> 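Structure provided below as structure tokens; questions to follow.
Chain identifiers are assigned alphabetically (A, B, ...) following the order of the sequence lines, protein sequences preceding nucleic acid strands; residue numbering begins at 1 within each chain. Values below: every heavy atom of this structure, side chains too, minus hydrogens, waters and symmetry copies. Owing to the predicted nature of the structure, the values given are computational and were not obtained by experimental measurement.
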Amino acid sequence: MTLSLEPLAVVFLTLMIACAVAVLSVRDLLAAVVVFGTFSFFSATYFAVLGAVDVALTEAAVGGAITAVFFVTAIFRTDRGAD
Amino acid sequence: MGEMAELLSIGTVQYLQAAALLLVGLYGIVARRHLLRKLMAMNILQVAVIVFFIALSAKSGATVPVVVDEAGGIDVAAYVNPLPHALMLTAIVVSVSTTGVALALLIRIRRRYGTLSETALLDKLRE
Amino acid sequence: MSAHLPILIVVVPLVAALVVPLLGRRTPGVAHAVTLAALIFALVASGLVLARVVVDGVWRYQLGGWAPPWGIEYVVDPLSGGMMVLVSFLALAASTYAWSYLLATDPGRIGLFDSLYLLLVTGLLGIVATGDLFNLYVFLEISAIAAYALLAMGGDRATVATFRYLLIGTVGSSCYLLGTGYFYALTGTLNMADLTERLSGVGESPAMAVGIGLIVVGLAIKAAVFPFHGWQPDVYTYAPPPVTGFVAAAMTKVSAYAIFRVLYFVLGGTPVAASALVFLGGVGVLAILAGSWLALAQTDIRRMLAYSSVGQMGYIVLGFSIGSPIALVGALFHVLNHAVMKSCLFLVAGGVRWRTGFSSVASFVGMGRRMPLSMLAFAVAAVSMVGLPPTVGFFSKWYLLLGAFEARAWPGVAALVVSSGLSAVYFFRVLERTFVVSDDRLVATESRELPAGMLGPVLVLAAAGLLLGLFQQPLITHVIQRALPATVS
Amino acid sequence: MVRLSLIPFLALGAILVAAAGGLPPVGDPESPPATHVSPRYIMFGHEETGAANLVTGVLADYRSYDTLGETTVICVAGLACWLILGSRSRGDKER
Amino acid sequence: MNFAFGSPALDAASRLMTPFILMFGAYVVMHGHDSPGGGFQGGVIIAACVILVRLVRGRAGGWNLSPETALALTCAGVGIFVGVGLLGPIFGGNFLDYAALPLSLKAGEVRAVGSLAIEIGVALTVTGVLTLVFDALVEARNDG
Amino acid sequence: MDLASRPLAAVLVSLLAVVLLPLFDRRPTVRETITFTAAALKLALVASMLPAVLAGQVIEGATLPLVAGLSLHLRVDAFGLLFALTASSLWLLTSVYSLGYLRATASTHQTSYYVSFAACLSATVGIAFAANLLTFFVCYEVLTLATYPLVVHARTPEALGAGRRYLVYTLGAGQVLLVAIVWAQSIAPGAEFTPGGFLAGRASTATLGILFALFIAGCGVKAAIMPLHGWLPAAMVAPTPVSALLHAVAVVKAGAFGVVRIVGYVFGVDTLRATGADIALMLIAAATILVASVRALGEDNLKRRLAYSTIGQLSYIVLGAAVGSVAALTGAMFHFAGHGFMKIAMFFSAGALHTEAHRDGVRGLDGLGRQMPMTMTAFALGACGLAGVPLLAGFIAKWNLGVGALEAGHVVLVGVLVTSGLFNVAYFFPIIYDAFFKAPSGQVREAGWPMVFPLGVTGAAALCLGVAPDLGFHFFTLARLAAESIVAGGGVPQ
């Protein structure tokens, strides 16, 4: 990995920020969860780019899968409305 | 302006982005009205901290910290710093645990008060 | 095994916590006995460790056999040893109280309750014992999550309050973690002792200031130091009494301990820590005044006690800020005083609510006749909170005041005096109703004294409040004065 | 009012930006984290812990006590959820 | 959760996939030493498998990991971890010091055995808790 | 029991009663027995130290070390013993009196009454024997807390109001005193009371002046120096034995005791003269004496009139301390005992009038001197003594005060003393006249022996102390010893 990956890292971080803003501003809660999943996916990629494969794997499993599933379950158990 | 350029150099900009992420999360916790949304913002905040630590572990030109070939001795510069990774695995687990407990609380709140919107909740509590 | 006592103090409650939920389902009595046994072990072991540390100096224990800074170490000095004794003592008292309470209100969940309670204690003991910044974070979270669950047991309002606490508390621990990250970035180490050493090679930088700021703010949120106390009154008001009695007393004190540890031991003597302390001094003065003032305005006794805690944390922070040996003795002594007394107050207030269903200040009328012994304990603790002799609270206030005088910290002096006056007003308001105002309707009613299992801990705590004050000398000279950082004494 | 409430966030942002300059640049192989404690993990981690994956080596061996804490956190979360949702209690009503 | 998404095709697919997922989970746990992965990740995979079966076949599907069992699993996982840790003091080392284990292996290998044992503990805990939490969140509706 | 352990025993004996009394909540006889036993034991213990102190010895009592050079420390010197003797002998008499009074008024909450009473006396003796400011303050605040239940004893709204007022005044003053003590502590760490003061030369004149003002503000509330006296007349709602205790023995005397301790043993007379604070204190005391006398004239309630009389009389003590010569100090200190016995005799009489004649005012006492001869004689003895009639206890104090004032060149003060004496006559004499020289209007009998005996004893004491001031407990010699040691100054007690 002699290739300089820093620009790529910056790109993914930018995407993460965009997703984070979207999570907070999307009206529909379920959509927010989906965006949150994407956010986790981007962060996992970012970690992978920086060489943190273990963290990336865990973040993908936890953020993208478990937390998202928890959120979705919770939304179905509660309500879906916007703020 | 020299300082500004330095701040925007590729080596520092990731810190700034992590800070931005942190602020977005914090803002969400404070400003969003729906409790689930607050919880998501809390998760974003925690990811921001994780990003910060992982950024600390990076080394230019180094690779994932899995030793493949020991024959010629190990070059420290060849592998990224594994310590923050280990720490952040713990942090991720902590964050998912917190989220789980928070969701359990939310479900109970919803069951009792029928809403998760902070404004509506405050109204009900005031009764 | 005595060579491993520092770790066993933490691990034994943890192991007990694993067994208790399985036992609790069928035999809650056995489960609670195991809980108490584990807590007694923790108390005795802490006492032994403290005794040894006082004689032989710091006791370092390398976990996993790895030398620091590569591995994690436990560092027990008189300060952490004393805190461990305090935490396990309070835990034992509140847990004894919890048995009668739960048996009457919620027998089905005794096992789970005890398990989480033990985990909370484990977390707090771990925070106190550790010599590693990140390890501190992990145990901070163990205690926090266990506390969320226990606090939420108080009912629906408690759930809402706990959710708020969870959000704010997570922000706090994230702040702490981020601050740790800053110091890691600057020094490359997480071990406290190593960090102190390496920092001398690192010049002043804004990053360092932000790091210390984040750590202090994070811990201040956990300790409910003004102005980060927003989560606290609701949580303390609605949580079940045995939980409030322990959380209000021990948890915030452990966070205060962590602030002290970081500012005086890890970063002791650095200009950044010094300016953080100056800042804390201002915060402390405001906290003292705001807490006492807000407590004055409350009608619910538990909320009043919660705001009183805000003020009392201000005393502690102010003492840290002044930083002379006598002020630090005062602050640490006040940690002890406030922990023991506030625990007693919350346990009695909770007991009254449990017995009568009321908890407003007005409902305390005639309670002195219906629950004479509990109310006597309440009165002793209240007098100590006000800071009147001969209780322990007077002496801690005395040392703080003396420290403030010697440092010419006039705002601190003024705040201490004014707050004593205000707290006298709000506590005597309660005591007057309890003992003096008589309600003829109540004369005929039967005694509602707490059962022995709840009364015992309350009386022990109150007695501690009287005895620790008068017989403080061995405690202060052997433990508290040795607990001060070398840079100060 | 919305604008006003942004001020603390902007202030915090400014502080964090100001601090970023004092941190070692991302990817700097000479930064304190890269040169202090971690070299031992990289150089001897495999040999000392028997784990080629250095992260596992640190996680499960050098800092295994943290991992015990982590596992305990999970356990606490499980118990907590069960306590909060699993079993119902009487008298939850708050006056 | 007593309902199931039970279509025959799904049922068959889940039956087919279950062993493989479990094996993969076990692999991730065991192989955490040499490749990315470990107890936590493996535990997540195993838990995902349990939850999957639960979703497809419902409670009656034989994978009836009752909350009590899950709780026991959780505690047992942490128990294994602490137990391994306590072997250190028993054999004359410090807490969690695997090198003290009386195994006739090279130092690094003894430590690897120790860490493998705790990884298994972690995996058990994670599996237990995730199913427990999932149960709790899902059950919550039934009397809501 | 050796000498060194007696001071602590004297403090603890009534604390023991505090612990024992609640156990016999429903057995009045046992309760009263305990009270008497404790009171008698206490008096015996205190009196047993008299020979040694008269021989010039200072008894070092128990020390409970704290940190930073501080300790809780008891020490018995002539002045402390004088106060302790007064307090404990009057406690014994008051206990007898309370027995009759509480039964006569069928009072409730008797257990809490006796408990608080015993606690008060522990604190008072603690104050008397305190060897340093910290010990003094601890006992001083305990006294505040222990007195509160007595003030609100009646549980009426009026009593509650008085109780609140009492707490606001005394606790507020306590904080001021605490600040002053902490300040003194930071100037002279670990210092103990020293005849002649220990602050001399340790700080600038201005600092000492401010510090002295804080001290006087702190102690002045209990000593009821005007304008800090507001709680005292209000506290008259308490039962008569309590008023007697508050006014003649424990609380107000504790305040006055504090003033003398501070003047004589913390600052030193010379230091005060250097700062000019002595003149200020004299002015305040003289003003209080005169204003209180005028106010007393205007009160129609007997107890309230006595309260204002107390305010005036206490300022004699303060005045003596401010003047600071041997004679003036002797007079001031003797007044502790003299005023104590005289005023308690008058309160006992007022209480007997309340229970038997159901009279609370200063009018309508016609002819009672014939129907209740003991009561009214004791009252008359007290009143004449307070007015300064020769051959009574008050005269000794006034005479010495006057001589001291002349020695120090403050001729005006003699005028104040004389004026105040005249006022005393003016507000007490009509009562005595009505009682002895007018015809009775109804059937009233003398009170029962538990009330008559104490008031007879105290009335007789007022006379005895005037004729032979050194009789019995050697109050005059004690006062003289203490005054001389203060003026000799600088002498560190052995």
> Find the distance between CG (Leu71(E)) and CG (Leu112(C)) and round it off to the nearest 0.5 Å.
6.5 Å

> Tell me, for Ile7(C) versus chain E, whether the close heavy atoms (under 4.5 Å) come from the side chain, the backbone, both or neither.
side chain

> Treating Asn94(E) as the side-chain partner and Gln62(C) as the backbone partner, does any N or O pair qualify as donor plus acceptor under 3.5 Å?
yes

> Within a 6.0 Å radius of atom CZ on Phe41(C), are there more than 12 heavy atoms belonging to other residues, nucleotides or ligands?
yes

> Measure across Phe95(E) and Tyr61(C) and return the closest heavy-atom pair with its distance rounded to 0.1 Å.
N-OH, 2.8 Å

> Looking only at heavy atoms, what is the nearest atom pair of Gly64(C) and Arg111(E), with distance?
O-NH2, 3.3 Å

> Rounded at 0.5 Å granularity, tell me how far CG in Leu8(C) sits from CG in Leu86(E).
7.0 Å

> Does any heavy atom of chain C fall under 4.5 Å from the side chain of Ala99(E), the backbone, both, or neither of them?
neither

> Can you name the closest pair of heavy atoms from Leu22(C) and Ala72(E) and give their distance?
CD2-CA, 3.8 Å

> Between Val82(E) and Leu14(C), is any pair of side-chain heavy atoms under 4.5 Å apart?
yes

